[in-house]
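Data first, discussion second: the structure below is written as structure tokens.
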Amino acid sequence: MPSDSALRIVWIYPDLLSTYGDQGNVLVLEQRARGRGIETETIHVRSADPVPETGDIYLIGGGEDRPQILAAERLRRDGGLHRAIARGAAMLAVCAGYQIMGSSFGGDEGQPVDGIGLLDLYSVRGPARAVGELVAEVDAALGLPTLTGFENHMGVTHLGPGVKPLSKTVAGVGNGDGFEGCYAGQVVGTYLHGPALARNPALADLLLSWRVGALAPLDDSRYEALRQERLTTVLQQQN
């Protein structure tokens with residue numbers, strides 16, 4: 001259940017990590033919560049500020065190499081995110097933010113940079129940039145429809161036994177091994193932009209349900225029509 005009367009959404013380091021409209025993930029969570037009568041409180045945590053430990057859902061986005069390195073350093077030093085997840089908060093980490101959650105990632109010259117060790121994974125720089133539409137079939141245990149999004153990254157991400165792949169790629173690169181993203185407990189990592197939650201509202205609802213329980217349905221017919229249109233277009237282009 002939420003920590004207070006309002007569901008607390010924490011947007012981490014928008015001054016460093018907020019590319020390709022990732023802040024839209026915050027707006028989608030707010031909208032889908034309020035559509036069900038759930039009050040929200042959103043906290044924007046800039047990189048000079050401590051990460052609060054009493055949030056319900058934490059979001060972090062993508063960014064360039066130097067901001068990513070700086071964000072990792074500050075999150076390691078701060079420790080608030082680790083404590084929040086340990087007490088049961090949910091999280092969505094996108095692209096650079098996803099890589100930061102692991103033990104290490106490739107820096108601006110390919111050198112290994114320490115991550116924050118929240119997820120059992122590590123990332124390195126791949127041989128070529130992955131750019132374009134991504135389609136992936138979600139792990140059946142999560143009960144989500146096919147994910148769509150846009151990827152733009154140089155990372156190859158290797159998952160350890162402590163996490164599960166979020167989905168299997170149908171089109172696109174994802175982690176680089178036939179899978180895209182990962183999850184462990186109530187933490188999800190993904191390379192999906194778009195923003196991810198606008199293009200995949202069921203994923204937003206999964207995050208919400210982890211904190212508030214079963215959700216009343218919303219009319220997603222418009223979202224579903226757009227999702228199916230994207231799926232058809234991407235798969236036709238692939239063939």
Side-chain angles (χ1 to χ4, degrees), residues 1-62 71 74-75 78-95 97-98 101 118 138 142-145 147 149 166 181 183-190 192-227:
M1 293 297 294
S3 50
D4 300 306
S5 58
L7 182 84
R8 303 189 77 195
I9 300 169
V10 182
W11 178 226
I12 299 174
Y13 297 172
D15 53 331
L16 296 178
L17 301 174
S18 184
T19 59
Y20 301 110
D22 288 332
Q23 189 169 349
N25 291 325
V26 177
L27 302 178
V28 172
L29 277 180
E30 292 173 339
Q31 184 253 356
R32 295 189 72 78
R34 290 171 183 168
R36 297 174 166 100
I38 302 169
E39 182 182 354
T40 63
E41 174 190 0
T42 299
I43 303 167
H44 289 223
V45 181
R46 298 181 68 82
S47 57
D49 301 329
V51 177
E53 302 174 24
T54 56
D56 293 297
I57 302 176
Y58 291 75
L59 300 167
I60 188 168
R74 295 191 175 184
L75 285 173
D78 180 89
L81 181 58
H82 280 81
R83 292 188 289 273
I85 299 304
R87 53 172 288 278
M91 182 174 187
L92 174 68
V94 174
C95 201
Y98 169 36
M101 296 301 116
L118 189 64
V138 185
L142 295 178
L144 299 180
L147 299 177
L166 175 63
Y183 71 101
Q186 298 185 154
V187 178
V188 174
T190 181
L192 293 175
H193 295 287
L197 299 187
R199 293 185 60 166
N200 304 281
L203 180 57
D205 287 352
L206 177 66
L207 295 169
L208 289 171
S209 71
W210 281 341
R211 296 302 296 149
V212 304
L215 299 171
L218 296 177
D219 180 5
D220 283 339
S221 56
R222 182 167 60 91
Y223 290 108
E224 182 60 20
L226 290 171
R227 190 180 70 85

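FYI, side chains are in, hydrogens and waters are out, and symmetry mates aren't considered; it's all heavy atoms of this structure. In this text, all values refer to a predicted model and were calculated from it rather than measured experimentally.
For His82, the side chain to side chain contact (heavy atoms under 4.5 Å, CB included) partners two or more places apart in sequence, or in a different chain, are Ile116, Leu118. The side-chain hydrogen bond (donor to acceptor under 3.5 Å, both in side chains) search around Ser47 returns Asp15, Arg74, not counting sequence neighbours. Ala84 meets the side chain to side chain contact (heavy atoms under 4.5 Å, CB included) test with Tyr58, Ala89; sequence neighbours excluded. Applying the side chain to side chain contact (heavy atoms under 4.5 Å, CB included) rule to Pro50 yields the partners Asp78; only residues at least two apart in sequence or on another chain are considered. Checked against side chain to side chain contact (heavy atoms under 4.5 Å, CB included), Ser18 has the following partners two or more places apart in sequence or in another chain: Trp11, Gln23.
Heavy atoms only, all atoms of each residue included: Pro195 and Gly21 are closest at CB-O, 3.3 Å. Considering every non-hydrogen atom in both Asp49 and Val45, the closest pair reads O-CG1, 3.8 Å. Listed here is the closest heavy atom pair of Gly88 and Gln186: O-NE2, 2.8 Å. In plain terms, the two heavy atoms of Leu17 and Ala71 that are nearest each other are CD1-CB, 3.6 Å. Pairing each heavy atom of Gly62 with each of His193, the nearest pair is CA-CE1, 4.3 Å.
Here Leu192 contributes atom CG and Leu166 contributes atom CG; the two are 7.5 Å apart, rounded to the nearest 0.5 Å. Atom CG of Asp56 sits about 7.0 Å away from atom CZ of Arg87, to the nearest 0.5 Å. Of the inter-residue distances, the one linking Asp219 atom CG with Glu224 atom CD reads 11.5 Å to the nearest 0.5 angstrom. Taking CD of Glu39 as the reference point, atom OG of Ser5 lies at 5.5 Å (rounded to 0.5 Å). Separation of atoms CG (Leu92) and CD1 (Ile9) is listed at 11.5 Å; rounding is to 0.5 Å.
Under the 4.5 Å side-chain criterion, counting only non-hydrogen atoms from C-beta, Leu218 is not in contact with Tyr223. Between Leu144 and Asn200 there is no side-chain heavy-atom pair separated by less than 4.5 Å. When side chains are defined from C-beta on, Leu197 counts as touching Leu207, because their heavy atoms get closer than 4.5 Å. When side chains are defined from C-beta on, Trp210 counts as touching Val188, because their heavy atoms get closer than 4.5 Å. The shortest distance between side-chain heavy atoms of Ile38 and Leu215 falls below 4.5 Å.
Shown are Leu81, Ile57, Val10; of these, the side-chain contact (heavy atoms from CB on, under 4.5 Å) with Met91 is made only by Leu81.
Screening residues 194-209 for salt bridge (Lys or Arg N to Asp or Glu O under 4.0 Å), with sequence neighbours left out, gives Arg32-Asp205, Arg36-Asp205, Glu133-Arg199.
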Legend entry - Intermediate values then yes/no, side chain to side chain contact (heavy atoms under 4.5 Å, CB included), Leu59 and Asp22: CA-CA 9 Å; Leu59 300 167; Asp22 288 332; over 6 Å; no

Inset, instruction - Show your working on side chain to side chain contact (heavy atoms under 4.5 Å, CB included) between Leu29 and Thr40 and close with a plain yes or no. - result: CA-CA 9 Å; Leu29 277 180; Thr40 63; over 6 Å; no

Inset, instruction - Show your working on side chain to side chain contact (heavy atoms under 4.5 Å, CB included) between Leu75 and Tyr13 and close with a plain yes or no. - result: CA-CA 10 Å; Leu75 285 173; Tyr13 297 172; 3.6 Å; yes

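Remark: the backbone N or O of Ile43 is not paired with any side-chain donor or acceptor of Arg8 at under 3.5 angstrom.
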